[in-house]
2 protein chains.
Amino acid sequence: MPVAPPRPKDIPLTALRAFEAAARLHGFAAAAQELGVTPGAVTAHVKQLEVTLGAPLFTRTPRGVRLTALGQQTLPQFTQAFDALGQAVNDLRAAAAPRTVHIATLPAIAQLWLSPRLPALRAAAPDITVSITALEQPPNLKRSPYDLSLFFHDDPQDRIAPDTIFPVCAPSLAARLTSPDDIARFPCLSDAAWSDDWSLWAQSLPAPPAIAQGPTFSLYALAVEECVNGAGLLIGHEALVARHLADGRLTAPFAPRLTLQRGLRLWSDRPLRAGTAARFVADWLRRTPPDDAPLASPAPPATHP
Amino acid sequence: MPVAPPRPKDIPLTALRAFEAAARLHGFAAAAQELGVTPGAVTAHVKQLEVTLGAPLFTRTPRGVRLTALGQQTLPQFTQAFDALGQAVNDLRAAAAPRTVHIATLPAIAQLWLSPRLPALRAAAPDITVSITALEQPPNLKRSPYDLSLFFHDDPQDRIAPDTIFPVCAPSLAARLTSPDDIARFPCLSDAAWSDDWSLWAQSLPAPPAIAQGPTFSLYALAVEECVNGAGLLIGHEALVARHLADGRLTAPFAPRLTLQRGLRLWSDRPLRAGTAARFVADWLRRTPPDDAPLASPAPPATHP
DNA sequence: AACTAGGCTCAGGAAAATTGACCCTCACAT
DNA sequence: ATGTGAGGGTCAATTTTCCTGAGCCTAGTT
């Protein structure tokens, strides 16, 4: 009967990951968001680590946490190690499914910009499977299983289109508008995440009109739909409403347009090697015709498995 | 009400670790041992990884597993990443408790060689805490929380002492022995892990004597204790019985000794920087007087916290 | 004085991880 | 051919871990 060597159980990897994220992002709340858990979970992990270590890694203040010298000293090693691990996972995933491309994007972009382009993309590369995940925030590409990110972003690199905003509405409603001052007479739809669209645009005018507060939507695509139905005015983002403008479901009743600092950006954190599916998709999306140009064919009814 | 973005849950880190270990060690059983779990757990992890990946990582054969091309391709990245992570953990641990040294060693060595030296070591460096973990196998130092390993090992580097074996017994029993052929008349104790000690020694003689099979112990220290009690003969490992020989509790009735290929080795996988506690302890243990030299003082009854 | 951001705590419950017992297959040595 | 042992696979049950949700706390801010 061999004596069972009671191995001292080592530190759980999740605790290390929580520490690394919290340290890198300067806060438990931010770490929790990146890891997709609640702040309480991060608290618990870090505490566990500190207990088994016998030394504090953060000094807690009521306004957040600050790394101790001990934490600062080893953070870079952990960040590097987890980056390497994330890279390895991504490479493994890519090698396992070389013809699948994972795109992370905003729900609005997914529905209004990306989705309409998919049929043509499928036609151009039938062997490539595109998987789209809607996220509110751009993920950390070093750690997440996405090949491409497509978001509005301040960085002008990899920009596909500027973000130009202006009021839009159903044609029937447009007929009853003559000047920006008429805006006050109709509800102004807005998206919860882009709640200051209206004031941004209004402030860019020489004489800012009054804005009639209308319903707020949590999904921009929903707001667009309501706008098409004549529910009111909406601030259109050119890239997202171009198709509706082109086919006449929406119209832009006023000339002034405001181009924001940010723009639609399609990027990857690692180099896209030539010949890979991700590279092809990225190139294709960058070359894709603007929405106001006619498309080759309407969307086929095919659904992909 | 913001839409909850249903984040696709990513691959558990434990599955990746299981894959890496299994691939590096060429087998699930070996990986299970390194990770301190049962083979079934490794099987489950690897399978989970293969399922989420949609591609096999190993080809199963009745005699083990072999990595697929996919696995081979990414294994180095994972090994590197986990090595870096282990390194980071070790550094973190060292920084958190700079005056604690963790030693991994065989139970027998811990009890018969290391433990008797601890009082003097404590006296030489009262501020250093030595933590000893008994393991049957030398751990992977890159991954485990030990600063030093102390095992019998074939590698002549860092050797502290040769492993020389010869029969020992209680003095009362020795009085009844005159030649190796008398061995057959007394039980020969043996340790389960070193079951061929007797035959190794016997084969080294010009005329191998017969060996009377005696009780087998799972702990060498237990066998030594029984031997002291006169239960029979035991193959002594010089490093482990030197103290008993020196103080007369045991005696070596026959002259022939056999020095094995392996020896007692004290090593670390990472460089021991000067001034660290681990370095001090390693140096001290290497300089420590052999057991047959008198010690400065007998072991004080103090136990360390 | 209320509000907010950021953490902490704790109990309860969901999800992993792990075990343990058993089956299977082959290579190798009877 | 007949064991035997090594190496994996499977499955149900259990333990462990992980996470949440609600509420509390503190210190800046309005």
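By convention in this document, chain letters (A, B, ...) are assigned in the order of the sequence lines, proteins followed by strands, and residues within each chain are numbered from 1.
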Could you check how far [atom1] of [X] sits from [atom2] of [N], rounded to whole Å?
X	N	atom1	atom2	result
B:Leu49	C:dA16	CG	C1'	15 Å
B:Arg60	C:dC23	CZ	C1'	17 Å
A:Lys47	D:dT17	NZ	P	17 Å

Checklist entry - Hey, is B:Glu50 close enough to B:Arg60 for a salt bridge, meaning N to O under 4.0 Å? => result yes
Checklist entry - If you measure from the Lys or Arg side-chain nitrogens to the Asp or Glu carboxylate oxygens, is any gap between B:Arg262 and B:Asp163 under 4.0 Å? => result yes
Checklist entry - Do B:Ile109 and B:Leu264 come within less than 4.5 Å of each other through their side chains, counting heavy atoms only? => result yes
Checklist entry - Are side-chain heavy atoms of B:Phe78 and A:Val89 found at a separation under 4.5 Å? => result yes
Item to check | ring pair (Phe, Tyr, Trp, His ring centres under 6.0 Å) contacts touching residues 195-222 of chain B (sequence neighbours left out) | outcome: B:Trp194-B:Tyr220, B:Tyr220-B:His237
Extract from the structure each pairing of a protein N or O with an N or O of nucleotides 18-21 of chain C at less than 3.5 Å, listing the distance.
{"from": "C:dT19", "atom 1": "OP2", "to": "B:Thr38", "atom 2": "N", "distance (Å)": "2.5"}
{"from": "C:dT19", "atom 1": "OP2", "to": "B:Thr38", "atom 2": "OG1", "distance (Å)": "2.7"}

Checklist outcome for this item: The side-chain hydrogen bond (donor to acceptor under 3.5 Å, both in side chains) partners of B:Arg270 (sequence neighbours excluded) come to none
Checklist entry - Within the pair A:Arg63 and D:dT26, is there a side-chain N or O less than 4.0 Å away from OP1 or OP2? => result no
Checklist entry - Given C:dG7, is OP1 or OP2 found less than 4.0 Å from the side-chain N or O atoms of A:Thr43? => result no
Checklist outcome for this item: DNA chain D nearest-nucleotide lookup for A:Pro62 and A:Pro12: closer to the 5′ end is A:Pro12
